Chemist: 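I have a structure here, written as structure tokens, and I will follow up with some questions on it.
Nothing here was measured: the structure is a model prediction, and the numbers come from that model. We name chains A, B, ... by the order of the sequence lines, and we start the count at 1 in each one.
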Amino acid sequence: MPEEAGFPPAKRFRPGAGPPRRAGSCPPGRRVVMLLAAGGGGGGGGRRQQPPLAQPSASPYPEAVELQRRSLPIFQARGQLLAQLRNLDSAVLLGETGSGKTTQIPQYLYEGGIGRQAVIAVTQPRRVAAISLATRVSDEKRTELGKLVGYTVRFDDVTSEDTKIKFLTDGMLLREAISDSLLRKYSCVILDEAHERTIHTDVLFGVVKAAQKRRKELGKLPLKVIVMSATMDVDLFSQYFSGAPVLYLEGRQHPIQIFYTKQPQHDYLHAALVSVFQIHQEAPCSQDILVFLTGQEEIEAMSKTCRDIAKHLPDGCPSMLALPLYASLPYAQQLRVFQGAPKGCRKVIISTNIAETSITITGIKYVVDTGMVKAKKYNPEFVHVMSKALTRAILPPDSGLEVLAVQRVSKTQAWQRTGRAGREDSGVCYRLYTEDEFEKFEKMTVPEIQRCNLTSVTLQLLAMKVPDVLTFDFMSKPSPDHIQAAIAQLELLGALENKDGQLTLTPIGRKMAAFPLEPKFAKTILLSPKFHCTEEILTIISLLSVDSVLYNPPSRRDEVQAVRKKFISSEGDHITLLNIYRAFKNTGRNKDWCKENFVNSKNMMLVAEVRSQLRDICFKMSMPIVSSRGDTESVRRCLAHSLFVSTAELQPDGSYATTDTHQPVAIHPSSVLFHCKPACVVYTELLCTNKCYMRDLCVVDAEWLYEAAPDFFRRKLRASRS
DNA sequence: GAGCACTGC
């Protein structure tokens, strides 16, 4: 078995999160300032030194913290860096993992007086990172968290009037930009982890660039912009900010050996299994393995197979602890990957791409990369259908753009995975594809902004009074069709009006933008007073906007079904969820109740938090908040009026088709209506995997839909034809 | 008739 994967001799290189650096790897013409030639040894100081799942902890020895700060390689470049940054409007900072850039640069800027007049903002794609970085930096400054150094994430604002260095999520800064598009609070915005190209960071690029320009024109305090990236391809960033210089910082990474397969592998799961046991039989048992697969089902199956095989290994072979890791895994089980394996036992972590960026596990010596990932994809066929539909002024289902599919990773992603093996010591990465195959991988992951539904982003840009969304200065422009589809959606929701050829928000549209929700959900809430069911709708929308509160362990299916029976409503999933939330509330938000009823208590607590945030927003808008008091029909009517674009009807042959494009769809197996055949439903989401599945369904009356949008439904509903 | 990568406001 072990030799099947067939690995040729290793290649050595010093990795960052990118390919090996060579002297000539920087294209001519780019201004690169080398700030440091050699990194030091040993750990410490850099970010993500602790697993993001763990609580950030304050160091008990402030002197030690200061000492560690000074021992960072970046410290030697401090003066040079400050001199450079002081004179620049914009800069791109390329820093390898462990260079200490995220914790140190904001402090240098502050100490250098750049943060005196206003706040220095540092954005992060993830909440945990923003929180732990703020904690770390406030420790280093020996101040209380929330004073000089603070953070702002959703539901949690630990800042004060004294705060000069503020860590925040990119989504949070974007939201702030809606009320102040010039970002007047800030003297400097640092966009960290820019290489990840989240949709929020990408929009911020444009927002920050426009604010910088406008502030200059108005003679206001200049806005300094620093883009930080951990990968080599920073040209795009530099070009976008009119040729901003690239400052280079070396980090501390350990060498990693890379093995490719000799032959392409048609079965990557089998190849992964073979590699794991090959390593297992040869390497000392203290060295852990991290395997990248695509999804929950695969990961659970592989974990089981590993356990089964490990039971029957020859004597003298170490034992094995196979641990699955994916986002929907209950928290307690996720924590297991951080615990050390018992003596004489090897930890094998089988993970989705969550271990690529979000979760860092210490002690990984081997990475097994299948080269596959499950991700959202932009489906050109759907776009074709859409543009055809648009020319006929018929509108597509809003989620028709997004398909979740197993696909090849990009080169950047492969390097990121490889880098996970060299965090504490030298490592080894087994790539389950040939070097030729690797060369054919896409260079970079397609930025999220070109793969996702743009309805929310478009609404936000319009709320910031961007003059023209179609010509907005995106660093990587989405296709015009793509933006046009978002505009069409917003028009249908009544959010837009065309004033002298210029798109502006209607009063409803402006209100919609105030909610941290998908526009259609915001619209549902805004419609609810008309149906006297705002309390109920707030609950339903909160439940829909977090991960499922239903916990379904496959091994206890019968139990789950029996327990869940009492909540099920024949009116569909929305009313069923409402019943569950009510029961949860009536038992005083009890965790034991959650456990007994197979409800994910963590997600349920989050629902309560979201609900209270949404309720506050309604309150500030002076919306009447009333309950329909058990009248579920008005709740369903309200859903029908706001989600009328996402409707499907039962066909004579027993299948379903969407009302507007007649696309064949099916009821998702997780729905309470899975075994039922209602004539007409609205759904919350279309999930396109093997089939197009409707998720979260509500039984509605075709007549209500007709009432909601007579023009849209004329000639469309089967009910109105027969 | 049978299934859901990952973030975030």
Chemist: Please determine, for the side chain of A:I354, which listed nucleotide (B:dC9, B:dG3, B:dC6) has the closest atom?
Modeler: B:dC6
Chemist: Using whole Å, report how far CE of A:M464 lies from P of B:dC9.
Modeler: 15 Å
Chemist: Without decimals, in angstroms, what is the distance between A:K520 NZ and B:dC9 P?
Modeler: 20 Å
Chemist: List in chain and number order the residues that pass salt bridge (charged side-chain N to carboxylate O under 4.0 Å, His left out) with A:R175, two or more places apart in sequence or in another chain; answer none if no residue qualifies.
Modeler: none
Chemist: Within this structure, what is the CD-to-C1' distance between A:E196 and B:dA5, rounded to whole angstrom?
Modeler: 14 Å
Chemist: Nearest whole angstrom, please: distance from the P of B:dG3 to the CG of A:L687.
Modeler: 11 Å
Chemist: Quick check: on DNA chain B, is the nucleotide nearest A:T352 upstream (toward 5') of the one nearest A:P516, or the reverse? Name the residue that is more 5'.
Modeler: A:T352
Chemist: Can you tell me which nucleotide in B:dT7, B:dG1, B:dA5 comes closest to the side chain of A:R126?
Modeler: B:dT7
Chemist: For the side chain of A:K376, starting at C-beta, report the closest nucleotide among B:dG1, B:dC6, B:dA2.
Modeler: B:dC6
Chemist: How far does CZ of A:R420 sit from CD1 of A:I359, to the nearest 0.5 angstrom?
Modeler: 9.5 Å
Chemist: Quickly work out the A:E685 CD to B:dG3 P distance and round it to whole Å.
Modeler: 16 Å
Chemist: Looking only at side-chain atoms of A:S670, point me to the closest of B:dG3, B:dC6, B:dA2.
Modeler: B:dG3
Chemist: Tell me if the centroids of the rings in A:F205 and A:F474 come within less than 6.0 Å of each other.
Modeler: no
Chemist: By nearest atom, which of the nucleotides B:dT7, B:dG3, B:dA5 is closest to the A:K374 side chain?
Modeler: B:dA5
Chemist: Contact class for A:V153 (heavy atom, under 4.0 Å): base, sugar-phosphate, or nothing?
Modeler: sugar-phosphate
Chemist: Could you state the atom-to-atom distance from NE2 of A:H668 to P of B:dG1 in whole Å?
Modeler: 17 Å
Chemist: Would you check if the distance from the ring center of A:W415 to the ring center of A:F441 is below 6.0 Å?
Modeler: no
Chemist: Is A:F674 stacked on the base of B:dG1, with ring centres under 5.5 Å apart and planes under 30° apart?
Modeler: yes
Chemist: Between B:dG3, B:dG1, B:dT7, which nucleotide has the shortest distance from any of its atoms to the side chain of A:S358?
Modeler: B:dT7
Chemist: Write down the distance between CG (A:L325) and C1' (B:dC6), rounded to a whole number of angstrom.
Modeler: 12 Å
Chemist: From the list B:dG3, B:dC6, B:dG8, which nucleotide is the closest neighbour of the side chain of A:T169?
Modeler: B:dG8
Chemist: Quick one: label A:L517 by what it contacts on the DNA or RNA (base, sugar-phosphate, nothing), any heavy atom closer than 4.0 Å.
Modeler: base
Chemist: Out of B:dA5, B:dA2, B:dC6, which nucleotide sits closest to the side chain of A:A375?
Modeler: B:dA5
Chemist: Give A:Q296 one of three labels, base, sugar-phosphate or nothing, depending on what nucleic acid heavy atoms sit under 4.0 Å from its own.
Modeler: sugar-phosphate
Chemist: Could you check A:N353 against A:K691 and say which one's nearest nucleotide on DNA chain B is further toward the 5' end?
Modeler: A:K691
Chemist: Please name all residues satisfying side-chain hydrogen bond (donor to acceptor under 3.5 Å, both in side chains) with A:K374, sequence neighbours left out, ordered by chain then number.
Modeler: none
Chemist: Round to the nearest Å and state the distance from A:I667 atom CD1 to B:dG3 atom P.
Modeler: 15 Å
